[in-house]
There are 2 protein chains.
Amino acid sequence: MGVAERRAREKEELRQKILDAAGQLFVEEGFANVSVRKIADRIEYSPATIYLYFKDKTELFSSLCWETFSGLKAELDRLEGEAGDPLAGLRRGLRAYIDFGIAHPNHYLLTFCTPVDHSAGKVMDNFQEINRVGLETFDHLQRALDRCRQSGQLAFEDLNTTSQVVWTFIHGTTSLLILNSGDPHFPWVPPEQLIESSLDLILRGLSPAR
Amino acid sequence: MGVAERRAREKEELRQKILDAAGQLFVEEGFANVSVRKIADRIEYSPATIYLYFKDKTELFSSLCWETFSGLKAELDRLEGEAGDPLAGLRRGLRAYIDFGIAHPNHYLLTFCTPVDHSAGKVMDNFQEINRVGLETFDHLQRALDRCRQSGQLAFEDLNTTSQVVWTFIHGTTSLLILNSGDPHFPWVPPEQLIESSLDLILRGLSPAR
DNA sequence: TTGACAAACTGAACGGCGTTCTGTTAATTA
DNA sequence: TAATTAACAGAACGCCGTTCAGTTTGTCAA
């Protein structure tokens, strides 16, 4: 009964081939500029075939985003493993998040800068998967902040609120670095300076009375 | 020779009619879900006519964004006019920005959360107009921060860098409030709390040694 | 008043999109 | 070998942004 296994393996191979082609185009040209037809062309299958493997274009790309953001989670896990100064650890985590966004701009934009319809029946299976990863990422931040509070290096009232505030801040930094870094009409300071100053400001704002 | 004037007036009226219809649809359904044909339907003209008044769909909507963001500039001008405590003024300005984004979510997303091709020949006349308004908004922030430094209520090194950092932060707050406020999968704190805590953190991070 | 002219506007089309339906091919099973 | 099933493709549907050739409409000089 090795037939079924081989079939399943072949099916999985094509699925991965679609994902690879889509991922490459996606990184090169961004979500909006990649059509299902283009992906089909590149792997030399018909567009209809893609719909045998993915419900629609959105699901295809959210699969890719999920894969990518799993990488961020792994990176944060790794960082959390390294015992060390809590404050330095927090800072490294925040940097990892920003660097990750800049390294995967299209995934980041699709995941965090695109309207999603949360209303009614719209379940969005894959986006829930992503959200799971997102939540785990958020938990990392929350734990890191908590460690800093316990070590007395930071001080704040509500952990949940503070975590959300910090997240929105680094999200702002990340998304603007992705979107506007090439804007010649605005006198942007160098990215490195913007990032470091941002982290400085956040940590200063959370530091105990000086 | 009042003919030419009347003609020009009529032309301007239709232009405004297009903008009104587009603006309404735009607010109701978001950029991606509004087609040129839908706008044409609503004003009972052919789609082709719209292209006699606007170069393309992008230009149409960036005109709307420009109009809208002029409103923000006016609001900030008004606030700057009211003499008063610099720190309180800064805080009011930041709040005005966030409130404005939440009040005009689609305009905000299109202006600040959509990739723009800054490369080569892409001049984007209208986006330059928007950018002018954006720059003026940024100047407001910069001046407000400078006043706080001069009054001794805040302390920081580089004004330009600090202004950009603060802007990216409130942009993060604004954009996430717009995009994810309805997400049932994430335990968001109430918007009001997120906003106020964000402002607290920023101002605390910039306050002189305590 | 008439005819030339220009401006305003439209119908129809182009090429592309996401997606679905129907049919064909090829491999497996009985 | 015949029946069954899974994988796949061609063609189409109904959208989209945009363009272009042509028609209507109003104005002005003769």
Could you give the [atom1]-to-[atom2] distance, from [X] to [N], as a whole number of Å?
| X | N | atom1 | atom2 | answer |
| --- | --- | --- | --- | --- |
| A:Ile39 | C:dG16 | CD1 | P | 17 Å |
| A:Phe54 | D:dC8 | CZ | P | 13 Å |
| A:Glu59 | C:dT19 | CD | C1' | 14 Å |
| A:Leu52 | C:dT24 | CG | P | 18 Å |
| A:Phe31 | C:dC17 | CZ | P | 13 Å |
| A:Ile50 | C:dC17 | CD1 | P | 12 Å |

For nucleotides 11-25 of chain D, read 5' to 3', which letter fits each nucleotide if B means a protein heavy atom sits under 4.0 Å from the base, S means only the sugar-phosphate is that close, and - means neither? -B---BBBBB-----
Looking only at atom types and distance, does a side-chain atom of [X] sit under 3.5 Å from a main-chain N or O of [Y], one as donor and one as acceptor?
| X | Y | result |
| --- | --- | --- |
| A:Ser175 | A:Leu109 | no |
| A:Gln164 | B:Pro187 | yes |
| B:Trp188 | B:Asn180 | yes |
| B:Arg149 | B:Phe156 | yes |

Nearest 0.5 angstrom please: A:Lys73 NZ to A:Asp139 CG, how far?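 Going from the NZ atom of A:Lys73 to the CG atom of A:Asp139 covers 9.5 Å.
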Please round to the nearest 0.5 Å and tell me the distance separating atom CG of A:Asp56 and atom CD1 of A:Ile50.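 Between atom CG of A:Asp56 and atom CD1 of A:Ile50 there are 12.0 Å.
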Applying the ring-ring contact (aromatic ring centres under 6.0 Å, His included) test to B:His107, which of B:Phe26, B:Phe61, B:Phe69 qualifies?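 With B:His107 as partner, B:Phe26, B:Phe61, B:Phe69 yield a single ring-ring contact (aromatic ring centres under 6.0 Å, His included), made by B:Phe26.
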Please report the closest heavy-atom contact between A:Leu177 and A:Ile102, naming both atoms and the distance.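 Where A:Leu177 meets A:Ile102 most closely, the heavy atoms are CD1-CD1, 3.8 Å.
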For A:Glu157, look at atom CD and say whether over 12 heavy atoms of other residues, nucleotides or ligands are found less than 6.0 Å away.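 No, not enclosed.
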Please tell me if B:Tyr53 has a side-chain N or O lying less than 4.0 Å from either OP1 or OP2 of C:dC9.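 Answer is yes, contact under 4.0 Å.
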Between A:Thr49 and D:dA9, does any side-chain N or O lie under 4.0 Å from OP1 or OP2?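 Checking D:dA9 against A:Thr49, a side-chain N or O does come within under 4.0 Å of OP1 or OP2.
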Mind listing the residues from residues 11-21 of chain A sitting with a heavy atom below 4.0 Å of DNA chain D? Number order is fine.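 Within this stretch, A:Lys11, A:Leu14 sit under 4.0 Å of the strand.
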